[in-house]
Amino acid sequence: MDPSVDPCDDFYTYACGGWIEENAYRTGLEELFYGVNHNSLPEKIDLTISELLKRRIPIDSALLDTKPYRDLFAFYDTCMEVATEEDDMQPLLEVLLKLKHFHVGRPFEKESWNLTNAILELMRLNGVPLFDVLIDADIRNSSRFAIIIAPPRRYGLIPRWPKGRQSLFGDTLDDLVLLDMLTEIRAQRRSRHMMGRRGASVPRKTRTSTRGVMTMFMKMNKRSSGKLLQKYSRRELLPQRNVELKRTETIAKMVENVFENSTEEDIVDALGDLTPDDILTSVVQKFIPNLAKIQPNDYEELEAQQHALLYNHYTVSQLQLETPLVDWSYLLSSLFNMTITDDDNIYLYYPQYMVSLNHMLATTEPWIVHYAMLILYSYDVLRETIYAPDDMDRADFCLQASKRAFGEVLSNMYLHYVGNETINHIRRHAKDILGLLREEVKSSVEKAPWLSPQDMAAAHDKLRSLEAEIGAYDKHWNLTFVNISHVGINLSEDNSFRDNVLEIYRVLRTELYYLYKEPVDRFSFIWSFTVQPYIVNAFHMHSTNTIVFPEAFFHSPYYTKKGPEYLNYGSAATAMAHEIFHGMDFTGTLFDSHGEMTRPFSNASREHLMSTVRCYHDLLNNAFYEEVAVEDAFIAMEACPSTGIISGHIGR
């Protein structure tokens with residue numbers, strides 16, 4: 001509404017003027033259009049959780065005295081107490097001095113340094129400067145886990161890119177998230193005005209520099225820094241490369257003061273025969289940028305996701321043969337606390353990256369690798385997870401960090417706020433909608449004369465076996481269950497936020513590798529480690545043939561509890577149909593009804609689908625303005641279920 005307008009003079013503007021003002025946009029051609037701001041819903045849910053964290057008034061006040069809630073509040077409170085870090089490297093030094101397999105504060109000794117032990121030590125602390133070791137449901141046997149070897153993602157408490165199935169199981173993207181990523185990539189390619197988030201910043205304090213600290217870093221003066229930037233500005237970079245460039249520059253700024261605030265004696269004691277310029281030239285200007293170059297770019301990552309090219313099966317022996325500089329049997333057996341043999345399924349994401357990495361390590365002096373790993377760990381895990389990014393409010397940072405680190409107890413708190421009646425209402429209504437949608441999809445499949453009997457049977461089998469998880473995980477109501485995830489966490493009242501972060505990292509990595517021994521439980525896999533009820537999103541989990549709709553999805557504009565049925569069927573049902581059809585898109589057709597990648601659909605069916613997608617891609621590019629222009633088939637692939645092209649693909 002626009003209350004400044006007299007309804008007797010202009011009732012339309014009085015009734016709708018407020019909405020028009022907030023939702024009016026102009027394209028590059030100055031054509032006016034309106035749209036609903038779907039991003040407002042996550043902000044509303046976050047505001048609710050933020051108020052619960054601040055006010056601490058759950059439905060049952062006795063919850064406040066339990067260990068999960070004490071851990072949550074201790075983590076959140078210490079996070080809010082952190083001031084902005086500018087030049088002080090002392091907290092990082094305190095952590096690095098405890099590393100047993102790195103030479104910090106003393107000259108590097110090649111003979112006593114072991115690459116595999118160094119990788120192992122950092123990985124147990126969530127440090128993955130070279131590559132990561134994760135687990136996920138095995139595409140060959142969905143009841144078991146498999147080991148995943150992936151390029152470093154450099155995530156801490158706050159993901160730097162939009163991600164879907166990310167938590168303990170790494171960051172395998174769900175199809176729905178591909179559109180978000182590509183939209184961001186597309187936006188960065190255009191030179192158009194980008195509006196930042198609204199809201200005042202929390203007052204910040206500046207820390208003072210400390211003398212005699214972490215002298216394994218480089219001293220980068222303005223002249224050399226400018227050369228580094230100039231070198232890369234001539235290249236055509238995808239957004240990921242731009243991020244890497246900014247990251248390298250920030251690393252330089254982060255450590256610039258180290259040598260400036262250290263005495264000559266400190267430098268000699270820490271570096272021996274090396275000089276700050278040696279580290280600057282060999283580590284910062286060469287090794288780190290070259291490491292970024294060999295990593296898969298945005299397009300390659302999305303292509304691998306969409307076409308299921310990630311799942312390159314290896315045995316530990318094959319892995320050792322192709323990348324011999326790492327002792328894989330020792331590394332994996334140590335991480336998982338069990339003997340890893342050729343009977344264990346290992347999937348190597350982007351094999352070419354690992355081969356290129358092995359070549360880099362083989363042709364690089366060990367001291368360069370040593371200091372590069374320390375620098376990357378310091379920046380990616382310590383600094384970037386403790387201090388909020390420049391464009392993020394501290395309170396928002398702490399909220400997102402708490403959501404990521406304490407999903408179980410926050411789910412418990414959120415569900416007590418929402419109430420069981422709401423969850424049951426959502427489930428009943430969603431069940432009715434899904435019942436109708438199954439029949440509609442089944443009818444579309446049966447009207448497809450071009451489908452072979454094999455494809456028809458595969459589609460029916462997937463649809464018949466499709467599971468739906470709605471609202472929340474029932475066990476999240478049970479505090480005894482929630483407490484299990486806090487048994488190994490030790491957060492004392494004297495801990496700093498840095499201490500709490502490192503403790504959470506330690507526990508999460510320990511639990512991750514322990515779970516490898518256990519069978520995959522579908523409910524826990526989805527609700528405990530993949531999505532929480534307060535996540536505003538919807539998912540199609542190919543590995544379990546399940547569509548997931550958290551409670552937070554069932555709010556306006558997607559769903560209105562007391563609204564007309566036609567509105568809910570026009571919005572919530574559309575999203576549900578979208579997720580169902582993901583089971584038959586280009587990725588979904590690779591997986592069978594059990595969530596295993598058996599490629600049940602024929603190549604002819606997949607070729608027909610891709611041909612239709614390309615046609616749709618061209619139509620969109622030629623028909624719309626730049627805000628909705630589609631630059632590649634991946635976005636078209638994501639849009640297919642929403643616009644009915646999959647339905648049309650099936651029905652023709």
Side-chain angles (χ1 to χ4, degrees), residues 19 23 35-52 58-59 162 164-165 167 174-177 179-180 399-400 403 407-408 410-438 440-441 466-477 522-523 526-541 544 546-583 638 641-642:
W19 185 90
N23 295 279
V36 176
N37 182 7
H38 290 264
N39 290 332
S40 64
L41 179 53
E43 292 174 0
K44 291 177 181 177
I45 298 297
D46 280 354
L47 180 61
T48 296
I49 298 175
S50 179
E51 287 300 308
L52 292 173
I59 303 302
R165 286 175 45 199
S167 187
D174 280 290
D175 291 332
L176 186 60
V177 184
L179 180 60
D180 296 332
L399 171 63
Q400 302 306 325
K403 286 168 60 178
E408 305 282 6
L410 265 177
S411 294
N412 182 272
M413 174 186 282
Y414 182 74
L415 290 179
H416 276 86
Y417 169 79
V418 170
N420 199 37
E421 180 182 351
T422 297
I423 299 296
N424 290 333
H425 171 84
I426 289 171
R427 286 174 174 169
R428 287 193 302 268
H429 204 179
K431 182 179 180 181
D432 294 338
I433 295 175
L434 286 170
L436 294 174
L437 291 176
R438 285 179 192 268
E440 289 295 323
V441 176
L466 180 69
E467 299 282 353
E469 287 297 318
I470 307 296
Y473 189 25
D474 287 339
K475 287 188 177 181
H476 278 152
W477 290 94
R522 187 176 69 88
F523 299 103
I526 292 171
W527 287 112
S528 290
F529 308 114
T530 305
V531 64
Q532 306 293 348
Y534 49 74
I535 300 299
V536 183
N537 213 330
F539 306 87
H540 187 119
M541 311 289 292
T544 58
T546 304
I547 55 176
V548 185
F549 293 87
E551 190 282 335
F553 169 83
F554 292 93
H555 294 263
S556 177
Y558 301 109
Y559 181 86
T560 305
K561 183 177 180 181
K562 297 182 180 180
E565 289 294 300
Y566 62 83
L567 286 181
N568 289 329
Y569 276 84
S571 53
T574 300
M576 292 179 183
H578 175 107
E579 295 306 325
I580 290 176
F581 278 119
H582 269 310
E638 174 59 33
S642 292

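Values in this document were obtained by computation on a predicted structure and should not be read as measured data. Starting from 1, each residue takes its place in the sequence as its number. Only heavy atoms go into these numbers, but all of them, side chains included; no hydrogens, no water, no symmetry mates.
- Taking each heavy atom of W477 and G419 in turn, the nearest pair found is CH2-C, 3.6 Å.
- When all heavy atoms are compared, the tightest approach of F581 to V441 is CZ-CG2, 3.9 Å.
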Derivation of the side-chain contact (heavy atoms from CB on, under 4.5 Å) call for L47 and E43: CA-CA 6 Å; L47 180 61; E43 292 174 0; over 6 Å; no

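- The heavy-atom pair separating F553 from L41 by the smallest distance is O-CD2, 4.3 Å.
- Atoms CZ and CD1, from F549 and I426 in turn, are 12.0 Å apart once rounded to the nearest 0.5 Å.
- Residues V531 and N537 fail the side-chain proximity criterion, which asks for heavy atoms closer than 4.5 Å.
- In summary, the side chains of Q532 and S411 do present a donor paired with an acceptor at a separation below 3.5 Å, with no hydrogens or angles considered.
- Taking OH of Y534 as the reference point, atom CG of L52 lies at 12.0 Å (rounded to 0.5 Å).
- Using a 4.5 Å heavy-atom threshold, the side chains of R522 and E469 count as touching.
- Taking the side chain to side chain donor-acceptor pair (under 3.5 Å) definition, one finds that Y559 meets it with H425, H429, sequence neighbours left out.
- M413 has its side chain within reach of L410: a pair of non-hydrogen atoms, C-beta onward, lies under 4.5 Å apart.
- Note that the CD1 atom of I433 and the CG atom of N568 stand 6.0 Å from one another [nearest 0.5 Å].
- Taking the salt bridge (charged side-chain N to carboxylate O under 4.0 Å, His left out) definition, one finds that D474 meets it with R427, sequence neighbours left out.
- Taken from CG in L436 to CZ in R438, the straight-line distance is 11.5 Å, to the nearest 0.5 Å.
- K475 meets the salt bridge (charged side-chain N to carboxylate O under 4.0 Å, His left out) test with no other residue; sequence neighbours excluded.
- Across every non-hydrogen atom of A472 and I423, the tightest pair is CB-CD1, 4.4 Å.
- Within the 4.5 Å cutoff, the side chain of E579 has no heavy atoms near those of the V548 side chain.
- Side-chain contact between T422 and E551 is present, with heavy atoms from C-beta onward closer than 4.5 Å.
- Between Y414 and I45 the shortest side-chain heavy-atom distance falls below 4.5 Å.
- Looking at heavy atoms from C-beta onward, D46 lies in side-chain contact with K403 at the 4.5 angstrom threshold.
- We find the CD1-NZ distance between I470 and K431 to be 11.5 Å, quoted to the nearest 0.5 Å.
- When all heavy atoms of A552 and I535 are compared, the pair lying nearest together is CB-O, 3.6 Å.
- The distance from atom CD of E408 to atom CH2 of W527, rounded to the nearest 0.5 Å, is 12.0 Å.
- Residues H540 and L466 form a side-chain contact, since some pair of their non-hydrogen atoms from C-beta on lies under 4.5 Å apart.
- Heavy atoms only, all atoms of each residue included: A468 and L434 are closest at CB-CD1, 3.5 Å.
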